[in-house]
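This report refers to the structure that appears directly beneath it.
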Protein chains: 2
Amino acid sequence: MQDSPTQTTLQSTIEEAIVSGILSARIRPGTRLSENQLAGLFDVSRTRVREAMMRLESRCIVHVSPRRGWFVVEPSAEEAMMVYGARRAIESGLLRGMRVLSDAGRAAIRDHLAEEKAEMTAGNRQRLTCLMGDFHIRIAELAENPVLTEILRDLTARTILISMLYQSDFHALQSHLGHCRIAEAMEDGNFERAAELSIEHLDEVEMGLDLTRRPDPLSELRNSLSLPPKAFPSPSGGTLIQTDPIYKPFKTKGK
Amino acid sequence: MQDSPTQTTLQSTIEEAIVSGILSARIRPGTRLSENQLAGLFDVSRTRVREAMMRLESRCIVHVSPRRGWFVVEPSAEEAMMVYGARRAIESGLLRGMRVLSDAGRAAIRDHLAEEKAEMTAGNRQRLTCLMGDFHIRIAELAENPVLTEILRDLTARTILISMLYQSDFHALQSHLGHCRIAEAMEDGNFERAAELSIEHLDEVEMGLDLTRRPDPLSELRNSLSLPPKAFPSPSGGTLIQTDPIYKPFKTKGK
DNA sequence: CTGTTCTCTCTTGTATGCAAGACAGCCCGA
DNA sequence: TCGGGCTGTCTTGCATACAAGAGAGAACAG
């Protein structure tokens, strides 16, 4: 009766594009996603764009303000804490439940850490944000449980949005070291220790956030003036969706 | 910018109705959900029904077979194991991360266990299935983390579908005792023990499934003949959505 | 009786059209 | 100079129309 045995949730192209845009920190929280623009970009009608948006909304990645538009979520401080809390519970539970680390898994982790290290010297913040999130997805993949992986992928997307909002300065080295410690414990086969370390790591990252800061109340103004976002250099170009001002200047009284 | 601080995912009425129908074991896996019928029932157009379906699909609760219809998912054996694996990781991680059990929480658990006990003597299997699932949602609520609660609610829904498919006989007493043990450990403040017990409990339940059995390959035929499902008495009535045969008899050459 | 083809009706897939609301800018009065 | 209403243009919300595919049943050939 089921079409595919594993039933991997097939996403629409639009959905994938937006999620991967967030996971790679190319799309900022609060970005407006216009149905018409997306429909044009992907050459489909608004109907299918809306379907993608509905799905993204149920994954808490996108949010609609009635008759104003769709926006990438800007998690509140409270929500940020919840997301970190959830990740602590899930990732630690996942690690503690592991029994063996396969050779392939060991290799994947090593490769990932090497990449983190390499990219740290390059210092590309956007790329680093993406990598730091990816580590946790890699870990989830080790458990070979697509259900968990999918859950953690969405939480990672939200985490990346959170760090774009609240992370004043980026402790890449600290994160990297945290990841190394977790990996070490895993290589030792000490998954209980790895679980504890993952909690510590997530605590550290959460502590590094400035949750008192309002999520950039000036972002709208900033966008309207076409200024670059606060702590980020303006993207080099080629972004799928630019963070446009909400309302572009009208054709001054065209007819 | 955000409309609500906690941003609780607001579901459409249709979505809620279907999920709650599953959580209360009134809707069986494989049930066809016709867009037209739902549109009629809720007095809206197909558009809104489809939106609800899209959201449910992204939550792995519903599944579309192209141009045949929407169906409540029938998780495969493999998927069933993944769901249980995910629940083990998440629920144990959640419990192990708890620090205190509030008085309100203690009361909620006690009330729930009492209700389980009461309903066991009554022996209403449908109601019991619902209660047994609810226990885990109650636990999630104790952590006061809506993100986790939502994740576990969806996993619980899928679990209920799984048990409707694979649970040959219903070990309500066994489940109830497992819940009692977990609650006891929590009341003692021994959350580590509670976490271990939750893993054991989920293992037990999973072991109680007959995953070798194909998910009722005759269900379609059975429905077409309007026979009651295998081990369940036919619902007393008042169900929101009846498990209709896929194709009702046509008006014999109406025109 | 059995298998094949055809037709007809149902289903979802997708685009489109219209309505209602939100906001920017204008105009005007104080 | 400032504030309040008006208007126009954008947005999403929602219903509807039509296209395309899937399957049941009828008709028919062997």
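Heavy atoms only: backbone and side chains are in, while hydrogens, waters and symmetry mates are out. Residue numbers begin at 1 in each chain, while the letters A, B, ... track the order of the sequences.
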Does [N] have its OP1 or OP2 closer than 4.0 Å to a side-chain nitrogen or oxygen of [X]?
X	N	value
Arg48(B)	dC14(D)	yes
Arg68(A)	dC23(C)	yes
Arg50(A)	dG13(D)	yes
Asn36(B)	dC10(C)	no
Ser45(A)	dA15(C)	yes

Has the side chain of Arg67(B) got a donor or acceptor that lies under 3.5 Å from a partner of the other kind on the base of dG23(D)?
no
Taking for Trp70(A) and for Asp43(B) the nucleotide of DNA chain D with the nearest heavy atom, the one nearer the 5' end belongs to Trp70(A)
Spacing between [X] atom [atom1] and [N] atom [atom2], to the nearest angstrom:
X	N	atom1	atom2	value
Phe71(B)	dA22(D)	CZ	P	13 Å
Glu35(A)	dC10(D)	CD	C1'	13 Å
Gln37(B)	dC10(C)	CD	C1'	12 Å
Glu51(A)	dG13(D)	CD	P	14 Å
Arg32(B)	dC10(C)	CZ	C1'	9 Å
Leu33(A)	dC10(D)	CG	P	19 Å
Arg46(B)	dG13(D)	CZ	C1'	17 Å

Could you pull out all residues at least two apart from Arg153(B) that satisfy side chain to side chain contact (heavy atoms under 4.5 Å, CB included)?
Leu23(B), Ile137(B), Thr149(B)
Using modelled atom types only, decide if a donor and an acceptor are shared between the side chain of Ser65(B) and the backbone of Arg68(B) within a distance under 3.5 Å.
no
Minimum heavy-atom distance Arg158(A)-Pro75(A), with the two atoms named
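Reported closest heavy-atom pair: O-CG, 4.4 Å.
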Report the distance from atom CD1 of Ile14(A) to atom CG of Leu56(A), rounding to the nearest 0.5 Å.
9.5 Å
Looking at Arg48(B) and Glu51(B), is any side-chain nitrogen of the basic one under 4.0 Å from a carboxylate oxygen of the acidic one?
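No, Glu51(B) and Arg48(B) are not salt-bridged.
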